[in-house]
Amino acid sequence: MSGITDARVEKYFFGLLPRRDRVLAEMEDYARRHDVPIVGLAVGRLLYLLVQLIRARRIFEMGSAIGYSTIWLARAAGSGATVYYTDGEPANARRAREYFRRAGVAGRITILVGNSLDLIQDVGGTFDLIFNDVDKHYYPQVFRLAVPRLRRGGLFITDNVLWSGRVTRRTSDPDTRGIQRFNRLLYSSRQLVSTILPLRDGVAVCRKV
């Protein structure tokens, strides 16, 4: 539970979510046991829906960890799509590769290991959708790098933009300050139509105009 919305409402909402398949359930269990950050079932379903709504075929994910959100993106995009997985930890990438194989989506995912902010500059072309979930103090830099790489009508989606409510505080914490600055950039940009959904830890959904 995020603590952002009423606990009873969250319990009700999460109780409505259907069961996930074996691979995703195993990934959720691994993430809990090893303290690996993943978006979780509710945000995964949101990503799936948004990919399908705009028929995204070329997707760049910034900060993929063990590939949980990558599977949601790749399944929604369908065969023939290209989803770029990025993470700085080779061990995460190795584990993700096996999950992708078992989930049946390995053929549509390109695995890149390194700093996502560097990797997006190494991959040419524009994207239908960019999903941002890197270290939070990098969020303002991600904004400057990602928005120019979206096609018109493309989506820029970012997780953890409410940061368990910490965005409401005056603080010197670099992660919180990074998110606060990022959120102001989203809403002040003339290139984006932006909204923040109070789902789980807060999800920003922005369309490039």
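Note that the numbering runs from 1 along the sequence shown for the chain. The basis for the numbers below is simple: all heavy atoms, side chains too, and nothing from hydrogens, waters or symmetry mates.
Scanning both residues, Ile54 and Asp128, for their nearest heavy atoms gives CD1-O, 3.4 Å. The two residues Arg181 and Arg144 make their nearest non-hydrogen contact at NH2-NH1, 3.7 Å. Ser69 and Leu47 make their closest contact through CB-CD1, 3.9 Å (heavy atoms, listed as atom of the first residue, atom of the second, distance). The shortest heavy-atom contact between Val36 and Ala65 is CG1-CB, 4.2 Å. Between Tyr187 and Ile196, the shortest heavy-atom distance links the atoms OH-N, 3.0 Å. When every heavy atom of Leu150 is checked against every heavy atom of Thr126, the shortest pair comes out as C-CB, 4.5 Å.
Side-chain contact between Val83 and Phe100: absent, with no pair of heavy atoms (C-beta onward) separated by less than 4.5 Å. Using a 4.5 Å heavy-atom threshold, the side chains of Asp133 and Glu61 count as separate. Annotation: side chain of Asp6 is not in contact with side chain of Tyr12 (no heavy-atom distance under 4.5 Å). At least one side-chain heavy atom of Val43 sits under 4.5 Å from a side-chain heavy atom of Leu199. A heavy-atom distance below 4.5 Å is not found between the side chains of Ile59 and Phe127. Looking at Arg102 and Glu26, their side chains come closer than 4.5 Å, going by heavy atoms from C-beta outward. Within the 4.5 Å cutoff, no side-chain heavy atoms of Thr158 are placed close to those of Phe143.
Taking CG from Asp175 and CD from Gln180, the interatomic distance works out to 11.0 Å, rounded to the nearest 0.5 Å. Atom-to-atom distance recorded for Ser64:OG and Tyr84:OH is 13.0 Å, nearest 0.5 angstrom. With rounding to the nearest 0.5 Å, the separation of OG1 in Thr168 from CZ in Arg166 is 10.0 Å. In this structure, the separation between CD1 on Ile38 and CZ on Arg32 is 7.5 Å, given to the nearest 0.5 Å. The CD1 atom of Ile179 lies 11.0 Å from the NE2 atom of His137; values are rounded to the nearest 0.5 Å. With rounding to the nearest 0.5 Å, the separation of CZ in Phe60 from OG1 in Thr110 is 10.0 Å.
Checking side-chain atoms of Thr70 against main-chain N and O of Tyr85 turns up no donor-acceptor pair under 3.5 Å. Side chain of Ser116 to main chain of Gly63: a donor-acceptor pair is present (N/O by atom type, distance under 3.5 Å, no hydrogens or angles). Between the side chain of Arg149 and the backbone N or O of Ile120 there is at least one donor-acceptor pair closer than 3.5 Å. In this structure, the side chain of Arg108 engages the main chain of Ala74 through a donor-acceptor pair within 3.5 Å. A donor-acceptor contact shorter than 3.5 Å is absent between the side chain of Thr195 and the backbone of Val205. Ser189 places a side-chain N or O within 3.5 Å of a backbone atom of Gln191 that can act as its donor or acceptor partner.
Aromatic ring orientation, Tyr30 versus Tyr99: perpendicular (interplanar angle above 60°, classes split at 30° and 60°).
Around the CZ atom of Arg57, the shell of radius 6.0 Å holds more than 12 heavy atoms that belong to other residues, nucleotides or ligands. Around the CD atom of Gln121, the shell of radius 6.0 Å holds more than 12 heavy atoms that belong to other residues, nucleotides or ligands. Other residues, nucleotides and ligands place no more than 12 heavy atoms under 6.0 Å from the CZ atom of Arg45. Annotation for Tyr138: atom OH does not count as buried by contact number, only 12 or fewer foreign heavy atoms lying within 6.0 Å. No more than 12 heavy-atom neighbours from other residues, nucleotides or ligands sit within 6.0 angstrom of CZ on Arg177. The number of heavy-atom neighbours closer than 6.0 Å to CZ of Arg33, taken from other residues, nucleotides and ligands shown, is above 12.
A salt bridge between Asp21 and Arg75 is present, with a side-chain N of the basic residue lying under 4.0 Å from a carboxylate O of the acidic one. A salt bridge is defined here as a Lys NZ or Arg NE, NH1 or NH2 lying under 4.0 Å from an Asp or Glu carboxylate O, and Arg170 with Asp173 fails to meet this definition.
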Next on the checklist: side chain to side chain contact (heavy atoms under 4.5 Å, CB included) for Asn160 and Tyr139? Distances and angles first, verdict last.
Outcome noted: CA-CA 10 Å; Asn160 304 117; Tyr139 273 21; 4.2 Å; yes
Item to check | Audit row: Val39, Leu46, side chain to side chain contact (heavy atoms under 4.5 Å, CB included) steps and yes/no | outcome: CA-CA 10 Å; Val39 299; Leu46 174 65; over 6 Å; no
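Cluster membership check: Phe13 shares its hydrophobic cluster with Val203, using side-chain heavy-atom separations under 4.5 Å among Ile, Leu, Val, Met, Phe, Trp and Tyr. In terms of hydrophobic clustering, with Ile, Leu, Val, Met, Phe, Trp and Tyr side chains grouped at heavy-atom distances under 4.5 Å, Val193 and Phe156 are assigned to different clusters. At a threshold of 4.5 Å between side-chain heavy atoms, the hydrophobic network of Ile, Leu, Val, Met, Phe, Trp and Tyr places Leu197 and Leu53 in one connected group.
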